[in-house]
Each structure stands twice: as structure tokens, then as C-alpha cells.
J.: 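Dropping a structure here in C-alpha cells format, bear with me for questions.
Labels below follow one simple rule: chain letters A, B, ... track the order of the sequence lines, proteins then strands, and each chain is numbered from 1.
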Protein chains: 2
Amino acid sequence: MSPREHTHPAVEDVELVTVLSALAEPTRLRIVRMLAAMEGERAWKDIDLPIAQSTLSHHLKILRNAGLVRNRAEGTRCFVSLRDEELEGRFPGLLECVLACCDADAGRGGGGS
Amino acid sequence: MSPREHTHPAVEDVELVTVLSALAEPTRLRIVRMLAAMEGERAWKDIDLPIAQSTLSHHLKILRNAGLVRNRAEGTRCFVSLRDEELEGRFPGLLECVLACCDADAGRGGGGS
DNA sequence: TTCGATGTTCGACGAATGTCGAATACCGAA
DNA sequence: TTCGGTATTCGACATTCGTCGAACATCGAA
């Protein structure tokens, strides 16, 4: 597989359990929060987490398959962005609500911003 | 352990990831929907799923530890209920939203009612 | 006390998951 | 074409998870 072209599922084909599973992991939830905290895209290399590159790639793949994020290639680099608007049409309020709950969870080990 | 007395965590002590993990499993999500569909409690034996009793007990334990459900003993029998009001205080809108999304997911393999 | 009914726990199993380092594929630049 | 940077895939590993049947614990009834 080329690092440039990825298969993004249609949000209509994504199941709720898949989305919840994708969000039910600290590292992935952190990535989603990171993406939500900024409008637009984020460069792959700017996702700065204490994990190996292969692990990050793995998590992004899961988020991708869950319809949560989108990958865009530009030259050698990749950019990641939330599919929040599409997701809103499929699961209204879900992403927004989970993100809001993240803040309610902050300070208790839920992983600060 | 007695089947009567269980330890229910305070909702304040439950982490978001724990709740999401508990919900991110088809059988458990189905149980939660089942409980949400009816006001009040549900008898253990009325939770009619194609799984072994020990498996059901296992899932209920996970839901319990996630602060999602409460167990009440009455004689030899147990009753289960959603902790929706408490959860609403800790993670506003989350449970309601997920339940609404279940319906949006219905008919696609997300498990009908 | 003895029994039967009801949940829980235990032990085991295969499957899935999160993690890493190494190998691979791709792109742009030299 | 060769090389360096970037992301993905592969192989391996330990851990966790979902599942079951069997053994156990508790309560109410006989």
C-alpha cells in the first residue's frame, strides 16, 4: 500500500460499535482530541506522542477504518483531519459529546489536553 | 462473593475510556439498550440473550464497574438498572447520545431492537 | 439441615489487541 | 539512477478479551 492512497469507508457503512471501539483507547482518544482542538488538518509528524511510529500508524488506521479521520497525502508527507461533519450526519452529536466528556474527565487520569 | 452485595463505583471515579470500552461491545451495548428501553429495573432472568449465564454475569460486571448499571438483590434474585441519572451528571448527554446513535445504526448490522 | 434456584467465580481456550523493531514501498531531490 | 525522508506493513510478543462449562456461594423453602 502506498502511504498516499488510503481507503476511507463511507460513514454510512461504519457501525456504532466500531466508532466506540476506536474511541475506547487512551492513545486514540488523545489523537482525536488533538485533531479536534485545531481546525483543519494536522501533519503526521506533528502528532507528537510517546509511541513508536508503527504504533501511531496502526492507531491512525483504526481511526481511519472507523470513519473518524481522513488522510491526505502531499508529496512525501501525510496530513490527518477529523471527519467530524460527515460523522455528525451519521451519528448526530456523538463526537461532540464525547469530546465534551473528555473535558469532564480531565484531571482524573483521563489525560489532560 | 455474594450474588447480593456488589461494589458500585462512584460515577465520579469512572473514567471516560472505561465507559466507552464497556459500550464498545455488541452484547453489552444490547444490554444497555434493553435497560434503557424500559423505565426501572429488569430482572436478571429476563435478560434473554444467546449467551451462557457466566458470560452474562461477566458482561454485567464490566457494565457495573463502568458505572453504567446497578445491581439490586431481592431474595434469591437480582435486578439490574441503568445508572442513567448519575451518569448524566458525570458525562452529560453521553448515554442518551449513544442510545440515539444506536437507532441511527439500526438496520445496518448494529443490532436491531 | 437438606434441597433447589440463582448468580458468581474459576480455569481454560482461542481470538483480538497494543506494542515494538525491522523490512518495505513510495516520493522528491540530487 | 541513487539516496534520504516518510509512512505503512510485517513478524513477533505479551496482554487482554469474550466465551464456555464446572464448581462454588448464597438465599428461601421444605
Side-chain angles (χ1 to χ4, degrees), chain A residues 1-9 15 17-32 34-35 41-66 68-81 109 111, chain B residues 1-9 15 17-32 34-35 41-66 68-81 109 111:
Chain A
M1 284 295 116
S2 142
R4 324 267 154 253
E5 300 294 330
H6 282 295
T7 56
H8 295 87
E15 293 182 21
V17 167
T18 305
V19 176
L20 292 176
S21 297
L23 294 173
E25 206 278 333
T27 301
R28 288 195 293 265
L29 189 54
R30 197 166 167 185
I31 294 173
V32 169
M34 198 178 283
L35 293 173
E41 312 178 301
R42 182 154 191 142
W44 215 97
K45 287 296 278 183
D46 290 345
I47 302 177
D48 198 26
L49 294 174
I51 56 176
Q53 276 200 342
S54 53
T55 304
L56 175 56
S57 184
H58 169 68
H59 284 311
L60 286 177
K61 182 179 182 179
I62 290 181
L63 290 173
R64 208 160 50 225
N65 290 141
L68 279 164
V69 307
R70 184 198 345 265
N71 272 34
R72 190 178 68 80
E74 183 177 312
T76 316
R77 285 170 272 182
C78 284
F79 294 86
V80 189
S81 58
Chain B
M1 284 297 114
S2 145
R4 325 268 154 250
E5 300 294 330
H6 282 296
T7 56
H8 296 86
E15 293 182 22
V17 167
T18 305
V19 176
L20 293 176
S21 297
L23 294 173
E25 206 278 333
T27 301
R28 287 195 294 264
L29 189 54
R30 197 166 166 186
I31 294 173
V32 169
M34 198 179 283
L35 293 174
E41 313 178 300
R42 182 151 190 144
W44 215 97
K45 288 295 278 183
D46 290 346
I47 301 177
D48 198 25
L49 294 174
I51 55 176
Q53 274 201 343
S54 54
T55 304
L56 175 56
S57 185
H58 169 69
H59 283 312
L60 286 177
K61 182 178 182 180
I62 290 180
L63 290 173
R64 209 161 49 225
N65 290 142
L68 280 164
V69 307
R70 181 195 352 259
N71 273 36
R72 189 178 69 82
E74 184 175 313
T76 317
R77 284 171 271 183
C78 284
F79 294 86
V80 190
S81 57

J.: Check the distance between dG7(C)'s C1' and Ile51(B)'s CD1 and give it to me in whole angstrom.
T.: 13 Å

J.: Return the nearest nucleotide to the side chain of Thr76(B); candidates are dT6(C), dG28(C), dG21(C).
T.: dT6(C)

J.: Starting the side chain at C-beta, find the nucleotide from dT19(C), dC27(D), dT8(D) nearest to His6(A).
T.: dT8(D)

J.: To the nearest angstrom, how far is Leu56(A) atom CG from dT6(D) atom P?
T.: 14 Å

J.: Ignoring backbone atoms, establish whether Trp44(B) has a side-chain N or O less than 4.0 Å from OP1 or OP2 of dA5(C).
T.: no

J.: Given dT8(D), is OP1 or OP2 found less than 4.0 Å from the side-chain N or O atoms of Ser57(A)?
T.: yes

J.: Can you figure out which of dT19(D), dG21(C), dT8(D) approaches the side chain of Thr55(B) most closely?
T.: dT19(D)

J.: For side chain to side chain contact (heavy atoms under 4.5 Å, CB included), just list the numbers for Ile62(B) and Glu25(B), CA-CA rounded to whole Å, side-chain angles, deciding distance to a tenth of an Å, and then say yes or no.
T.: CA-CA 11 Å; Ile62(B) 290 180; Glu25(B) 206 278 333; over 6 Å; no

J.: Mark yes or no for whether Ser57(A), through its side chain, and Gln53(A), through its backbone, hold a donor-acceptor pair below 3.5 Å.
T.: no

J.: Could you state the CZ-P distance from Phe79(B) to dT6(C), rounded to the nearest angstrom?
T.: 12 Å

J.: Rounded to whole angstroms, how far apart are CG on Leu60(B) and C1' on dG18(D)?
T.: 14 Å

J.: Backbone N or O of Glu41(A) within a donor-acceptor pair of the Arg70(A) side chain at under 3.5 Å?
T.: no

J.: Within this structure, what is the CZ-to-P distance between Arg28(A) and dG18(C), rounded to whole angstrom?
T.: 4 Å

J.: Can you identify which nucleotide, out of dT9(C), dT19(C), dT19(D), has its nearest atom closest to the Glu25(A) side chain?
T.: dT19(C)

J.: Rounded to the Å, how far apart are Gln53(A) CD and dT8(D) C1'?
T.: 10 Å

J.: Are Val80(B) and Leu35(B) close enough, and set up right, to give a side chain to side chain contact (heavy atoms under 4.5 Å, CB included), and what steps lead you there?
T.: CA-CA 8 Å; Val80(B) 190; Leu35(B) 293 174; 3.9 Å; yes

J.: Please give, in whole Å, the distance from dT8(D) P to Ile62(A) CD1?
T.: 13 Å

J.: Give the nucleotide from the list dG7(C), dG21(D), dT6(D) with an atom nearest to the side chain of Arg77(A).
T.: dT6(D)

J.: Report yes if a side-chain nitrogen or oxygen of His58(A) is closer than 4.0 Å to either non-bridging phosphate oxygen (OP1 or OP2) of dC10(D); otherwise report no.
T.: no

J.: Would you say Asn71(A) places a side-chain N or O within less than 4.0 Å of OP1 or OP2 belonging to dT8(D)?
T.: yes

J.: Starting at the 5' end of DNA chain C, which residue's closest nucleotide do you reach first, Ser54(A) or Ala24(A)?
T.: Ala24(A)

J.: Any donor and acceptor pair, going by atom type alone, linking the side chain of Arg28(B) with main-chain N or O of Ala22(B) inside 3.5 Å?
T.: yes

J.: Over how many whole Å does the gap from Ile31(A) atom CD1 to dA7(D) atom P extend?
T.: 13 Å

